[in-house]
Asker: 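First the structure, then my questions, so here it is.
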Amino acid sequence: MLRSPFFYLITFLFLISCKEKTIRSTNEEPFVKEANSFREKGIKNFENKNFNVAFYSFNKAKIGYEKVKDSANIVYNLIQMASIQQINGDYYGSKETLTEALPYIKKKDIYSAAINNFFGIADKELSIYADAVYYYKEAIKETTDSVSKQTPLNNIAVVYINQKKYNDAIVILESILNKKILDNKPQAIEKARVKNNLGYAYFKKGLNKKGLLLMNESLTIRNQIGDIYGGIGSNLRLAEYYSKTDKKKSNQHALDAYNTATKLNSIDERLRALQLLISNGSSDQVINYAQKYITLNDSIIKIRNNYKNKFAKIKYDSKKEKDENQKLRLEKAEDLLVIQKAEYQRIFLIIGIVSLFFFVAYLVKRHKTKTRLVEIKTAYNTETRIAKDIHDELANDVFNAITFTQTQPLSIEKTKETLLQKLDHIYTRVRGISRENSNIDTGANYSTNLKEMLSTYNSESTNVIITNIEKISWDIIEEEKKVIIQRVLQELMVNMKKHSQASIVVIKFENGSNSLFINYTDNGKGCEKKQIIKNGLQNMENRILAIKGSITFDTEPNRGFKVKITLPK
């Protein structure tokens, strides 16, 4: 998915440039012709969205042009490779590719502006906002056309919106509109984008009426000029605007965005639309939306990871091929040093083994001490929580029941019925505390019992979705880890019930080659991160650390609650 309309301008100029170079090189050496052939093959496959083949072709073309030191074509192919990586979510990889081009570029040309713009896009998507603003400003310096400068300016404003610097964003966007640079018909797409961003900035600042007017104007322009892709962004922003005041309108805009994004295969926009539909929570389809979100998110993560691996392998294989001849030349010289190195290696090996023995002994001793302290702290926290539950809830219920028997005539049938209800409530609370701290069956029925325990937190107001639990190879996971997994998830569910007011809870299990991953997500009210310890979640961290795992919490007020647990198998 393309991240910036500026990309279209750069690609157009590059294609013109490449066609001119092809004409000039028809009588050149065979290896130059081969490089030109690979470049054209890359362009064709890029246009057809065959990104693997396009990336491979541009890389082969770049290697060919390196042989004749054709700087312009080297830079062109590297930029195209970086753009393919960004389209497929590989932003770190794209930055590495762009860095390769830096030694070949000159100031004040379209290549320099393009590279800075792509650096800015990558850092914006990675939330490295200060660097993104820096690169967009560099792109402005390298662009001589006044119209072209507006795109990186608009991109800076988008970064400021992401940083919640709404006043700074408004100043930039208003200046673009006031200059009337984008009033010509060819610039209608960019004008609609600026209006949409300005309206959104006003809305986030609290100027709702002014913001709504501009966002609606942007959607109207996009509909009139047939900017289907831009309409997705307008509908998403309007869906967010109405999410607090008019759920029906919000859902309609979110559905419009989702349907269009599905036709254009714009995955990130589809996910954002589903998030809005789920958070609105008023539709009968909310469970269906949640399941679609999980499936789509899993799919795009796998696809993008696959692309990243393929891109890295293509670059690695080409480098390996390039270095093969040099390696052969060095082998003879290295053979002369083998005997001498072997002697030194024996000495260092003996020293290393002795040192390693003492170091391992030290680590084992330290780990045992640390693990014991964690276990003691975890046990103490658990006992404290049980005592608090008994004191805060059970003791009060028992006292109220005793007082009731002393003050009410038990001979009356209705009074007896009320007393029985009180006693039944006490019994339920005792069973709940017992269940939360009872022994855990870690045998063949473990996954079934774990799923049943999690499902007990389903209610009329809370829907608990559990995925992939049956796909985990529980039989190879140690009993101690199974116990801690159940205890930690139980504490998460108790915390959710007490604090989050969530309507959807998703617990997803994933198998890694050497690790087990558990992702917990709810759409509750969240909290400040500094409140995590106060909510009793520190106890979970102690349990996970005791088995050499890791746990991270991601939450903000009114933004839900996420937990990622990673455990070695």
Side-chain angles (χ1 to χ4, degrees), residues 4-5 124 129 133 150-185 187-261 266 268-269 271-283 523 525-526 556-560:
S4 170
K124 175 174 72 71
Y129 294 129
V133 170
Q150 308 315 309
T151 295
L153 273 172
N154 183 71
N155 289 344
I156 292 172
V158 171
V159 173
Y160 286 153
I161 291 172
N162 291 341
Q163 292 179 297
K164 300 182 180 179
K165 297 179 179 179
Y166 303 122
N167 287 332
D168 293 337
I170 288 169
V171 169
I172 292 174
L173 296 168
E174 282 184 339
S175 70
I176 295 173
L177 292 179
N178 289 339
K179 290 177 183 176
K180 301 186 182 301
I181 296 173
L182 304 178
D183 282 353
N184 294 329
K185 190 174 181 180
Q187 281 79 50
I189 289 179
E190 188 64 14
K191 184 175 183 179
R193 194 163 80 102
V194 171
K195 282 200 168 191
N196 193 41
N197 288 332
L198 180 57
Y200 186 72
Y202 278 137
F203 155 57
K204 298 301 287 185
K205 189 183 176 183
L207 301 173
N208 293 353
K209 187 175 180 181
K210 202 170 183 179
L212 178 61
L213 177 64
L214 282 166
M215 286 189 286
N216 278 324
E217 285 179 2
S218 172
L219 181 58
T220 300
I221 293 172
R222 284 168 163 169
N223 289 336
Q224 288 174 347
I225 64 176
D227 182 11
I228 301 173
Y229 181 82
I232 300 173
S234 289
N235 278 307
L236 287 174
R237 292 226 169 128
L238 288 167
E240 183 179 344
Y241 175 89
Y242 285 115
S243 62
K244 302 294 183 184
T245 58
D246 191 333
K247 299 286 186 184
K248 186 175 179 181
K249 280 188 177 181
S250 178
N251 283 338
Q252 186 57 56
H253 282 291
L255 279 171
D256 288 346
Y258 177 79
N259 292 331
T260 305
S266 298
D268 294 282
E269 283 81 0
L271 289 171
R272 178 58 184 147
L274 287 170
Q275 282 181 328
L276 288 163
L277 290 166
I278 293 168
S279 64
N280 284 341
S282 59
S283 172
N523 63 347
K525 64 181 183 179
E556 292 181 16
N558 302 315
R559 298 292 295 273

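Because the structure is a prediction, the values reported are computed rather than measured.
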Asker: Y242 and L212: side-chain contact (heavy atoms from CB on, under 4.5 Å), yes or no, with the steps?
Answerer: CA-CA 10 Å; Y242 285 115; L212 178 61; 3.6 Å; yes
Asker: Below 4.5 Å, heavy atoms only, C-beta onward: do K124 and N155 meet side chain to side chain?
Answerer: no
Asker: Atom CG in N208, atom CG in L213: separation rounded to 0.5 Å?
Answerer: 12.5 Å
Asker: Examine distances only and state if a side-chain atom of N196 and a backbone atom of A192 form a donor-acceptor pair shorter than 3.5 Å.
Answerer: no
Asker: Any chance the side chains of D256 and Q252 put a donor and an acceptor closer than 3.5 Å?
Answerer: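 Short answer, yes.
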Asker: First locate atom CG of N523, then atom CZ of R559, and finally report the distance between them rounded to the nearest 0.5 Å.
Answerer: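 With rounding to 0.5 Å, CG (N523) is 12.5 Å from CZ (R559).
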Asker: When you compare the side chain of T260 with that of N235, does any pair of heavy atoms fall below 4.5 Å?
Answerer: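 No, too far: nothing below the 4.5 Å cut-off.
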Asker: About how many Å separate CG of L274 and CZ of R272, when rounded to the nearest 0.5 Å?
Answerer: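 Taking CZ in R272 and CG in L274, the distance rounds to 11.0 Å.
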Asker: How many angstroms lie between atom NZ of K195 and atom CG of N197, to the nearest 0.5 angstrom?
Answerer: 13.0 Å
Asker: If you measure from NE2 on H253 to CD1 on I232, what distance do you get to the nearest 0.5 Å?
Answerer: 14.5 Å
Asker: Compare every heavy atom of S234 with every heavy atom of R222, then report the nearest pair and how far apart it is.
Answerer: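 Looks like NH1-OG, 2.7 Å.
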Asker: Within a reach of under 6.0 Å around CD1 of I228, are more than 12 heavy atoms found that belong to other residues, nucleotides or ligands?
Answerer: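 No, not enclosed.
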Asker: How close do L276 and A239 get, counting heavy atoms only, and between which atoms?
Answerer: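 Nearest heavy atoms, L276 then A239: CD1-CB, 3.8 Å.
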Asker: What is the minimum heavy-atom distance between Y258 and A273, and which atoms define it?
Answerer: CB-CB, 3.7 Å
Asker: Find the distance between CG (L238) and CZ (F203) and round it off to the nearest 0.5 Å.
Answerer: 9.5 Å
Asker: Taking all non-hydrogen atoms of both residues, which atom of G199 and which atom of L214 are closest, and how far apart?
Answerer: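 Shortest heavy-atom contact: CA-CB, 3.7 Å.
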Asker: Under 3.5 Å, side chain of T220 to main-chain N/O of N216, donor-acceptor pair present?
Answerer: yes
Asker: With side chains defined as the heavy atoms from C-beta onward, is the minimum distance between L236 and E269 less than 4.5 Å?
Answerer: yes
Asker: For R193 and D227, run side-chain contact (heavy atoms from CB on, under 4.5 Å): C-alpha distance rounded to whole Å, both residues' side-chain angles, the deciding distance at 0.1 Å, then the answer.
Answerer: CA-CA 10 Å; R193 194 163 80 102; D227 182 11; over 6 Å; no
Asker: Could you check R237, K205, E240 and say which one makes a side-chain hydrogen bond (donor to acceptor under 3.5 Å, both in side chains) with Y200?
Answerer: E240
Asker: Does the side chain of N280 reach to within under 4.5 Å of the side chain of S243, using non-hydrogen atoms?
Answerer: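 They are in side-chain contact.
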Asker: Is there side-chain contact between Q150 and V194, with heavy atoms separated by less than 4.5 Å?
Answerer: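 A side-chain contact under 4.5 Å is absent here.
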Asker: How far apart are the C-alpha atoms of N154 and E190, what are their side-chain angles, what is the distance that settles it, and do they pass the side-chain contact (heavy atoms from CB on, under 4.5 Å) test?
Answerer: CA-CA 9 Å; N154 183 71; E190 188 64 14; 3.9 Å; yes
Asker: Could you walk me through whether I170 and L198 pass side-chain contact (heavy atoms from CB on, under 4.5 Å), step by step?
Answerer: CA-CA 6 Å; I170 288 169; L198 180 57; 4.1 Å; yes
Asker: Compile the donor-acceptor pairs under 3.5 Å between side chains in residues 156-163 and protein atoms, sequence neighbours left out, one pair per line.
Answerer:
none

